[in-house]
Amino acid sequence: MSELEALVEAFYGLLSDKRWIFHDRLSLTAVKTILAEVAQDADRAETMLIDHYCDSEQLTAMLLPLRKLPAMRHRLPLVEKARRDYTAGRYYACVHVLLSVMDGFSTSSRPYAGACTPDSRRKCTPGTAS
């Protein structure tokens, strides 16, 4: 556990100013490799981390857990199209697709969170979400 703690601390010590987030789906092998090769060069570490995320196989692997989410399953064809657009460098296309997918997913996951519904006991004002 102390090895993981040291890895996370080294990651944030180098990349926190660049606003990178260490998360549970981030490859520990990739982080170890990056930290071993950059010698406190945050710009180089960031470039290597971006390259890691740009790797087509890595990106595909990161998307696999989405299949477990019922509200995401029927949206996976759109996610796959966005992945292909991203891989092809059509970033302008994948951003809009992914924003709409995530909006739909969040609405499906929590359909009435903060919404004004007919059975709502609070007074809803037009133009407000809560």
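Nothing fancy with the numbering, it's 1 onward along the sequence.
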Establish whether [X] and [Y] are linked, either directly or via other cluster members, by ILVMFWY side-chain heavy-atom contacts under 4.5 Å.
X     : Y     : value
Met72 : Tyr86 : no
Ile21 : Leu15 : yes
Leu28 : Leu26 : yes

*Using a 4.5 Å cut-off on heavy atoms from C-beta on, say whether the side chain of Tyr12 contacts that of Leu7.*
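Leu7 does not reach Tyr12 side chain to side chain.
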When the side chains of residues 87-98 are checked against the rest of the protein, which donor-acceptor pairs come out under 3.5 Å, sequence neighbours left out?
{"residue": "Thr87", "atom": "OG1", "partner": "Arg83", "partner atom": "O", "Å": "2.9"}
{"residue": "Arg90", "atom": "NE", "partner": "Asp85", "partner atom": "OD1", "Å": "2.9"}
{"residue": "Arg90", "atom": "NH2", "partner": "Asp85", "partner atom": "OD1", "Å": "2.8"}

_Looking at every heavy atom in both Phe11 and Val31, which two are closest together, and how far apart are they?_
CD1-CG1, 4.0 Å
*Considering all heavy atoms of both residues, which atom of Asp43 and which atom of Lys18 are nearest to each other, and what is their separation?*
OD1-NZ, 2.7 Å
_Pairs flagged by side-chain hydrogen bond (donor to acceptor under 3.5 Å, both in side chains) wherever residues 60-75 is involved - sequence neighbours left out_ = Arg75-Ser108
_Enumerate the ring pair (Phe, Tyr, Trp, His ring centres under 6.0 Å) contacts for residues 46-70, please, sequence neighbours excluded, ordered by first and then second residue._
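Of all non-adjacent pairs touching residues 46-70, those that pass ring pair (Phe, Tyr, Trp, His ring centres under 6.0 Å) are Trp20-Tyr53.
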*CD1 of Ile50: more than 12 outside heavy atoms within 6.0 angstrom?*
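Counting neighbours around CD1 of Ile50, more than 12 heavy atoms of other residues, nucleotides or ligands fall under 6.0 Å, so yes.
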Using 0.5 Å steps for rounding, measure from the [atom1] atom of [X] to the [atom2] atom of [Y].
X     : Y      : atom1 : atom2 : result
Leu63 : Leu76  : CG    : CG    : 8.5 Å
Leu78 : Met102 : CG    : CE    : 12.5 Å
Ile34 : Leu14  : CD1   : CG    : 9.5 Å
Leu69 : Phe105 : CG    : CZ    : 4.5 Å

_Set of residues satisfying salt bridge (charged side-chain N to carboxylate O under 4.0 Å, His left out) with respect to Asp17, sequence neighbours excluded_ =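 By the salt bridge (charged side-chain N to carboxylate O under 4.0 Å, His left out) rule, Asp17 matches no residue at all.
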*Of all pairs that satisfy salt bridge (charged side-chain N to carboxylate O under 4.0 Å, His left out), the ones with a partner from residues 22-35, not counting sequence neighbours*: Glu3-Lys32
_Once side-chain contact (heavy atoms from CB on, under 4.5 Å) is applied, do any residues pair with Glu9, and if so which ones, sequence neighbours excluded?_
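Partners of Glu9 under the side-chain contact (heavy atoms from CB on, under 4.5 Å) test: Glu5.
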